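Scroll down for the structure; my scribbles are underneath it.
Every heavy atom of this structure was used, including side-chain atoms; hydrogens, water molecules and symmetry mates were not. Residue numbers start from 1 in every chain, and the chains themselves are labelled A, B, ... in the order their sequence lines are given, proteins ahead of strands. As the structure is a prediction and not an experimental result, all values here were calculated from the model.
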Protein chains: 2
Amino acid sequence: MAEQTQFEELGRQFSAVGAVHRDLRRVLPHDCPSGSAAVLTLLGRYGDMRMSKLAELLSVDMSVTSRSVAHVVDRGWIERSPDPADKRSRILRLTPAGQAMVDDLARRTTDLLAERLGDWTDDEVAQLIRLMARLKDSFGDCRPPHARPPHPSQSATAAAAAPAPTSAPVLEATATRTSA
Amino acid sequence: MAEQTQFEELGRQFSAVGAVHRDLRRVLPHDCPSGSAAVLTLLGRYGDMRMSKLAELLSVDMSVTSRSVAHVVDRGWIERSPDPADKRSRILRLTPAGQAMVDDLARRTTDLLAERLGDWTDDEVAQLIRLMARLKDSFGDCRPPHARPPHPSQSATAAAAAPAPTSAPVLEATATRTSA
DNA sequence: TATTGTTATACTCTATAACTATA
DNA sequence: TATAGTTATAGAGTATAACAATA
């Protein structure tokens with residue numbers, strides 16, 4: 001196990017990274033705040049899914065997710081269709097305009113990172129990605145206590161660690177869990 | 001230079017780390033939100049300083065800093081004394097109660113990290129710290145455009161990269177720059 | 001009775017702009 | 001005229017709780 005002083009220092013570094021995150025937010029389109037961008041990006045990466053699964057991937061309460069999704073729906077970037085398997089549920093799906101926005105967001109973020117990290121080696125970036133992913137993994141479900149389900153979901157981490165599938169495994173996984 | 005797809009992936013990882021950051025916020029005392037915690041932690045690390053220097057270290061606009069500082073002053077954790085060298089300015093200093101809070105904050109953060117990252121090696125934590133610091137360094141001054149000074153400050157990065165000095169070099173550096 | 005999702009409320013963070021006091 | 005700092009206002013993120021509809 002690492003030393004105490006290291007953890008202290010690591011804690012401080014989070015604020016620094018927060019500043020970088022704010023900087024990244026500034027390159028987003030005016031009508032697409034970071035909450036909306038996160039919704040679109042996750043839908044683009046994991047495909048159609050339900051609100052509850054999206055909330056899990058976002059690591060926030062579903063009420064937060066609901067508001068973000070409503071914003072994105074208003075702009076025509078995603079559509080909510082009823083889930084035939086569960087009438088309480090709704091399936092979220094990117095529209096063509098939404099997919100275009102996903103592409104635009106990726107381009108903006110990538111451009112800024114490429115500009116700022118122009119002198120980083122391929123390996124350094126890969127290492128940072130790996131350690132950040134491991135960090136998230138070590139923390140597990142980061143949602144507020146009351147939003148965490150009693151049955152620790154086994155599909156969440158697996159989906160989040162997947163190498164960007166193009167189909168809709170997340171949706172299927174959720175449907176499976178319901179009947180388990 | 002790293003590949004495009006890497007930057008895209010790195011961009012996504014920021015949201016994941018944001019979730020971890022939210023989790024860390026939850027262990028803070030009820031009357032010490034993350035903005036106040038950041039103020040106290042920086043004062044504890046770099047010693048007495050002026051508002052403008054604190055804003056620079058926080059990477060936010062001074063108006064944000066001002067409000068956070070006011071909150072912390074209200075609770076008696078820091079005090080603002082007039083700067084004898086510049087009557088517009090005020091020097092911020094931790095009170096004994098503030099120092100106690102700094103210690104408490106460090107303990108809480110360290111405990112949570114030690115619990116979650118219990119299986120990380122010393123070297124892995126060190127690598128993550130190093131890469132996060134480099135990331136911040138590559139981004140430079142992350143404050144909103146209008147808050148950035150015309151003269152790119154040379155003391156900011158140096159101070160932020162310092163290995164936790166106990167005296168007040170930040171304050172001195174600022175005073176020096178004024179007369180330069 | 002439990003779960004899915006929405007809405008209402010409140011608090012924090014952040015940015016912009018207007019303002020005061022001093023350099 | 002420019003700078004240090006404060007205050008006002010607005011927008012976004014997040015959490016809690018109350019609620020409706022369905023399982």
Distance test, side-chain N/O of [X] to OP1/OP2 of [N], below 4.0 Å:
X	N	result
B/R25	C/dC13	no
B/S63	D/dA8	no
B/R80	D/dT6	yes
A/R88	C/dT6	no

Practice prompt. Could you tell me whether B/S68 contacts a base, only the sugar-phosphate backbone, or nothing, with contacts defined as non-hydrogen atoms closer than 4.0 Å?
Written response: nothing
Pair A/R108 + A/D104, salt bridge at N-O below 4.0 Å: yes
Measure [atom1]/[X] against [atom2]/[N] and give the value in whole Å, please.
X	N	atom1	atom2	result
B/H21	C/dT14	NE2	C1'	14 Å
A/R75	D/dA12	CZ	C1'	12 Å
A/R26	C/dT14	CZ	P	10 Å
A/R143	C/dT4	CZ	P	10 Å
A/D31	D/dG11	CG	P	15 Å
A/R22	C/dA15	CZ	C1'	11 Å
A/R50	C/dT6	CZ	C1'	16 Å
B/R67	C/dC19	CZ	P	20 Å

Task: Note, A/V102 side chain near A/W77 side chain (heavy atom, < 4.5 Å) - done: no
Given side chains that start at C-beta, do those of B/L24 and B/L112 come closer than 4.5 Å, heavy atoms only? yes
Comparing A/D61 with B/S66, nearest DNA chain D nucleotide closer to 5' gives the residue B/S66
Assign each of B/M51 and A/P33 the nucleotide of DNA chain D bearing its closest heavy atom; nearer the 5' end lies the nucleotide of B/M51
Residue pair B/A147/B/A85 against DNA chain C: nearer the 5' end by closest nucleotide is B/A147
Nearest-nucleotide check on DNA chain C, A/G18 vs A/M62; residue mapping nearer the 5' end is A/M62
One should read off an interatomic distance between B/R45 CZ and A/E8 CD, to the nearest 0.5 angstrom, of 9.5 Å
Exercise for the section: Could you check A/H71 against A/R75 for side-chain hydrogen bond (donor to acceptor under 3.5 Å, both in side chains), going step by step and ending with a plain yes or no? Expected result: CA-CA 7 Å; A/H71 180 270; A/R75 274 149 193 81; 3.3 Å; yes
